[in-house]
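Excluded from the calculations below are hydrogen atoms, water molecules and symmetry mates; all remaining heavy atoms, backbone and side chain alike, are included. Just so you know, residue 1 is the first one in the sequence shown, and it goes up from there.
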Amino acid sequence: MRLLCLLLLSIPNGPFVRWIDEKGDVHVDLVREVLEESPSEVRVRLADGSEKTVRTARMIDMVRENEERDEEKALLEARRDVAAGILTDAGRQTLDRLAKDGSEPWIREYAAAARALLAEAARDEDAAARLQRFVDGFPKSRFQSDCVLAQARIRGRAHGSAFVKATGELRVAHDKIAEIDGPFMLRFRTLRDGTELVIPHQPINFTYFFGPTHEGLMKETGDGKDYGAYVLLEAQAKWGLLLVEQRNARAEEAAGRKPFGALQEVKKLRDRSGLDLPEVRSDLERELGLLMLSCGDKEGARGAFGRARDLAPDPRRREAAEEALKKLGP
């Protein structure tokens with residue numbers, strides 16, 4: 001199995017599709033042209049002129065934009081911001097403009113999807129309406145799954161402390177995504193999103209949600225026989241557990257204590273992440289650096305931030321790690 005080596009492949013500049021096979025090998029294919037997209041697959045012409053079809057179920061990410069074209073570069077930068085949780089008025093304006101006046105139908109589609117997802121992440125009042133407009137207006141978009149899950153998060157938050165009903169909304173979304181053969185990354189995100197819904201209301205009984213949900217989703221990996229699906233499930237699991245430790249660290253700091261407990265737990269997650277996706281490993285290292293800094297270990301934090309930067313498979317993670325290093329000073 002070549003998983004470790006392939007996971008560390010650098011992500012190229014320019015259009016590409018990144019996906020994982022059943023053995024757990026990650027592939028990065030350079031794309032000359034996107035021929036067709038749907039909720040269940042994308043068909044592309046590769047840089048060598050051959051054609052390839054990739055199931056969206058196995059996709060990790062995809063860039064269609066050519067950064068040498070100003071319009072497409074602006075779209076990609078805005079989409080990357082949304083994915084990283086960077087929600088700005090400038091991003092709203094860029095996506096609104098491109099959703100209306102983009103020069104190609106796919107540019108307008110991508111911008112509309114990202115704008116609706118931004119609205120949900122920012123919890124804007126019009127988020128539900130934007131998502132529904134996109135779902136109705138672009139039924140053949142590969143972003144259908146993203147928007148279905150975002151709609152479920154809105155409905156889930158509306159249930160408040162009734163977390164069984166809240167996470168039930170995510171299960172409905174999961175089933176819809178599975179029905180259209182949408183991305184494993186989004187089906188399994190049920191675990192991370194469910195964690196985010198539960199922990200504010202059930203900090204002690206959190207494991208009653210996490211354990212059974214993880215076990216249920218595990219069945220979709222063929223009990224680990226589809227190792228690629230398993231890697232994607234473990235990514236969402238670790239992001240979910242990272243949310244828990246971030247919550248625990250904030251509680252300790254609010255009580256005037258250093259978050260040593262959270263630090264140890266994140267170290268354990270990091271030490272078990274050697275075969276995880278590089279974005280997971282990067283996020284764990286960056287969080288480890290922040291916790292080390294809170295606990296007074298400046299040099300340990302420097303090392304963790306450096307590893308986060310080196311592991312980052314995308315510009316936003318790399319920039320966040322570099323900014324953390326810059327704040328440390330000499």
Side-chain angles (χ1 to χ4, degrees), residues 9-19 27-39 41-52 54 56 59-122 124 126-127 130-131 133-135 137-138 140-147 150 183 185 278-279 282 309 312-323 326:
L9 282 172
S10 61
I11 302 303
N13 292 322
F16 68 87
V17 58
R18 181 169 168 244
W19 58 281
H27 305 263
V28 180
D29 293 324
L30 301 179
V31 172
R32 179 188 298 176
E33 180 185 5
V34 175
L35 302 173
E36 187 177 5
E37 293 187 28
S38 77
E41 64 183 27
V42 296
R43 186 165 61 90
V44 298
R45 179 170 288 113
L46 301 179
D48 64 6
S50 64
E51 291 188 13
K52 187 181 192 69
V54 179
T56 59
M59 282 174 51
I60 300 171
D61 55 0
M62 175 177 163
V63 166
R64 184 168 179 171
E65 296 90 339
N66 183 338
E67 295 186 66
E68 294 183 358
R69 299 170 183 158
D70 290 343
E71 179 186 46
E72 294 181 31
K73 182 177 181 180
L75 173 61
L76 180 59
E77 291 295 306
R79 290 204 308 118
R80 282 173 169 163
D81 282 348
V82 173
I86 302 170
L87 314 174
T88 65
D89 287 339
R92 287 179 172 87
Q93 292 166 10
T94 295
L95 293 171
D96 281 336
R97 173 174 58 81
L98 293 175
K100 180 182 178 182
D101 299 324
S103 62
E104 299 286 344
W106 73 265
I107 290 177
R108 297 192 292 274
E109 173 195 332
Y110 274 47
R115 182 63 179 89
L117 294 170
L118 186 159
E120 184 272 325
D124 293 342
D126 65 345
R130 283 183 177 275
L131 288 164
R133 283 200 301 271
F134 185 86
V135 168
F138 297 91
K140 295 184 179 181
S141 173
R142 72 179 178 91
F143 297 109
Q144 279 281 318
S145 294
D146 299 79
C147 291
M185 283 287 276
E279 45 262 64
S282 179
R309 175 198 59 205
D314 59 86
R316 294 299 175 268
R317 283 184 169 86
R318 189 157 48 250
E319 291 161 5
E322 289 172 348
E323 182 63 22
K326 183 179 178 180

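Take R92 and apply the salt bridge (charged side-chain N to carboxylate O under 4.0 Å, His left out) test, not counting sequence neighbours, and it matches D89, D124. For N66, the side chain to side chain contact (heavy atoms under 4.5 Å, CB included) partners two or more places apart in sequence, or in a different chain, are E68, R69, E72. E323 pairs by the salt bridge (charged side-chain N to carboxylate O under 4.0 Å, His left out) definition with nothing, not counting sequence neighbours. Looking at residues two or more places apart in sequence or on another chain, you find no side chain to side chain donor-acceptor pair (under 3.5 Å) involving R108. D96 meets the salt bridge (charged side-chain N to carboxylate O under 4.0 Å, His left out) test with R115, R130; sequence neighbours excluded. For R133, the side chain to side chain donor-acceptor pair (under 3.5 Å) test picks out no residue, with sequence neighbours left out. By the salt bridge (charged side-chain N to carboxylate O under 4.0 Å, His left out) test, E279 pairs with R18, sequence neighbours left out. The side chain to side chain contact (heavy atoms under 4.5 Å, CB included) check on A121 picks up L87, with sequence neighbours excluded. In this view, E109 and S141 satisfy the side chain to side chain donor-acceptor pair (under 3.5 Å) rule, not counting sequence neighbours. Among residues two or more places apart in sequence or in another chain, the side chain to side chain contact (heavy atoms under 4.5 Å, CB included) test is passed with A320 by R286. Under the rule for a side chain to side chain contact (heavy atoms under 4.5 Å, CB included), the partners of A321 that lie at least two apart in sequence or sit in another chain are A308, R309. Partners of S103 by side chain to side chain donor-acceptor pair (under 3.5 Å), not counting sequence neighbours, listed by chain and number: E71.
With rounding to the nearest 0.5 Å, the separation of CZ in R32 from CG in D48 is 7.5 Å.
The aromatic rings of Y110 and W106 stand perpendicular to each other, their planes meeting at an angle above 60°, with 30° marking the opposite boundary.
V135 approaches C147 most closely through the heavy-atom pair CG2-CB, 3.8 Å. A pairwise comparison of heavy atoms in R316 and R80 identifies CG-O, 3.8 Å as the closest pair.
A donor-acceptor contact shorter than 3.5 Å is absent between the side chain of R142 and the backbone of E37. Looking at S38, its side chain does come within 3.5 Å of a backbone N or O of E41 through a donor-acceptor pair.
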I'd like to know whether V42 forms a side-chain contact (heavy atoms from CB on, under 4.5 Å) with V34, so could you lay out the CA-CA distance, the side-chain angles of the two residues, the decisive distance to 0.1 Å, and finally the verdict. CA-CA 8 Å; V42 296; V34 175; 5.5 Å; no
